[in-house]
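All ligand and atom numbering here is 1-based and tracks the order in the structure.
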Amino acid sequence: MANWSALAPLIQQVGRSMVVEALRAWADARRGQDDVGDPAACAHWCAQRLAAFTQPSQRRVFNLTGTVLHTNLGRALLAEEAIEAAVMAMRSPTTLEYDLEDGSRGERDDHIAPWLCRLTGAEAATAVNNNAGAVLLALNALAAGREVIVSRGELIEIGGAFRIPDIMARAGCRLVEVGTTNRTHLKDYAEAIGPETAAVMKVHPSNYAVQGFTKSVSAAELVPLAHEKGVPVIEDLGSGTLVDLDSWGLPHEPTAREAIAAGIDVVTFSGDKLLGGPQAGLLVGKRAYIERIARNPMKRALRLDKVRLAALEATLRLYGDPERLVQRLPTIRALARPAAEIHLQAERLLPAFAQALGQGWQVGLKPVRGQIGSGALPVDLLPSFALMVRGKGLHKLAAAFRQLPIPVIGRIEDDALLFDLRTLDDEAGFIAQLDRLAP
Ligand SMILES: *Cc1c(COP(=O)(O)O)cnc(C)c1O
């Protein structure tokens, strides 16, 4: 009688029913073969088949692409304070919609709205699933069945299916385009505003820049015109930040506070881009409009859960102390890292990196330019340093890095495989697994 204890560890790992399923598949696949009764061969085959179930599908990786807020790699990393708050909310019942004072029902927005108002100067605030949702909701709540005016220079596609004209249609609004791709004047808006106009919308051109013979109308010019005609102005800031990135030597990115100060009625922006929090779409602005938005049934469909609300609240709280933001918020920390510090790190890692790769590769350091990502500041690149490999078979080598226990994602540029170190925090973890690179 064969010894089937070889299957015990697998049963321990994935449970009996999945192992039974794999055994049936083995029996079908190997029927009539010599090894069908061989426990070791069978256990090995079943383990391989079940590998997909023993390993999570969404895995931790090293993002060394040079793009700090990489949409495909999950954008912002949360601050420890936000992680703790999220874990608490996952483990326990919370005051999500509960008022402890009088034991009555509370509002979920009350956890974040005071912070958003304080940090942007807005009268009121609310939050939904993401910025695409925020734009959809704002348009539907304020302009369904009516016209919304947008400059042709701002009819953007953010990637995936987020195109302003499509969102506009889904929100039930009629898009009225004004101006041309490169130039839109105040009089273009003035001529388009009519009795059917429900709103004027500005969109931050996140992932491209129109350069040369250009003209766009600033919020400061547009708001008085729209308000004179009794029409609100909505602005999709995209990344939208709560602090002046200039403080860390970064180029200026419009802040939500500036948009509010310019008189914009409803400003929308993302939670997981420059803000450095969980995925969310934030809406700040005039009380009457935010209340209409919050009452819209779509708000219920797009609302945030307690876990993300907890993480968002904790992230916003950090902005109350901007001096320590760079130490506490990973996004700002990564963006603010001086190139000289990254250079030192690269020099420190190079010997171990070169040794792990062995003969046959040219290994060195390279000054590179990374990007913020997620559409923020598209034309401004972050000076950084990368570990660089040249040689034959770079795509295979890049694949080997992706097969490591913690996959390492770099980029190939000008016949070199580059690992930009701006976003490498866990140096020891990175180096420790390099000896697993298959030769
Ligand atoms: C990124 C972006 C969006 C979409 O935001 P999500 O939070 O990813 O839904 C919308 N508009 C602009 C201008 C953006 O940059």
Side-chain angles (χ1 to χ4, degrees), residues 67-78 82 112 116 125-140 142 148 150-171 173 175 181 184 199-210 216 218-219 233-242 245 251-256 258-259 264 266-285 293 298-299 301-305 308-309 311-312 315-316 331 335 371-380:
T67 301
V68 176
L69 294 167
H70 197 299
T71 294
N72 303 141
L73 301 179
R75 292 191 184 161
L77 311 182
L78 297 197
I112 45 100
L116 285 168
T126 184
V128 291
N129 177 62
N130 60 2
N131 187 33
V135 173
L136 181 69
L137 175 62
L139 287 171
N140 184 264
L142 305 184
V148 179
V150 186
S151 159
R152 289 199 171 87
E154 299 176 3
L155 287 177
I156 57 166
E157 171 179 320
I158 307 289
F162 189 87
R163 290 175 146 193
I164 293 295
D166 298 342
I167 292 281
M168 197 72 78
R170 293 292 164 149
C173 310
L175 170 65
T181 305
T184 301
V200 176
M201 187 180 185
K202 276 188 76 59
V203 185
H204 185 54
S206 290
N207 46 8
Y208 73 102
V210 181
S216 64
S218 70
V233 184
I234 302 171
E235 181 162 19
D236 173 14
L237 273 189
S239 210
T241 157
L242 294 174
L245 295 180
H252 188 76
E253 171 81 4
T255 67
E258 286 163 0
I264 299 285
V266 174
V267 181
T268 78
F269 53 104
S270 293
D272 57 349
K273 292 185 179 173
L274 282 172
L275 199 149
Q279 182 187 300
L282 308 172
L283 300 111
V284 299
I293 286 167
M298 222 183 256
K299 164 76 191 329
L302 293 169
R303 75 182 183 184
L304 287 174
D305 69 293
R308 277 194 287 159
L309 265 173
L312 181 60
T315 305
L316 294 173
T331 300
L335 292 176
Q371 48 186 318
I372 296 180
S374 289
L377 301 165
V379 289
D380 296 299

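- By heavy-atom distance, the residue among Arg75, Lys273, Glu154 lying nearest atom 8 (O) of ligand 1 is Arg75.
- Checked against side chain to side chain donor-acceptor pair (under 3.5 Å), Ser151 has the following partners two or more places apart in sequence or in another chain: Thr184.
- Looking at ligand 1, you won't find any N or O of His204 less than 3.5 Å from one of its N or O atoms.
- At least one heavy atom of Ile156 sits under 4.0 Å from some atom of ligand 1.
- Remark: Leu155 CG to Met168 CE distance equals 7.5 Å, nearest 0.5 Å.
- Of the possible donor and acceptor atoms, none in the side chain of Thr67 sits under 3.5 Å from a partner among the backbone N and O of His70.
- At a 3.5 angstrom cut-off on N or O pairs, Ala132 counts as close to ligand 1.
- Every salt bridge (Lys or Arg N to Asp or Glu O under 4.0 Å) that Asp272 has, sequence neighbours left out, goes to Arg75.
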Test side chain to side chain contact (heavy atoms under 4.5 Å, CB included) applied to Glu253 and Ile372, step by step: CA-CA 11 Å; Glu253 171 81 4; Ile372 296 180; over 6 Å; no
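- With Asn131 contributing its side chain and Ala134 its backbone, the two residues share no donor-acceptor pair below 3.5 Å.
- For the pair Ser270 and ligand 1, the shortest N or O to N or O distance falls below 3.5 Å.
- Those atoms of ligand 1 that come under 4.0 Å of a heavy atom in Asp236, given as number and element, are 10 (C), 11 (N), 12 (C), 13 (C).
- Here's the thing with Ser374: none of its N/O atoms is less than 3.5 angstrom from an N/O atom of ligand 1.
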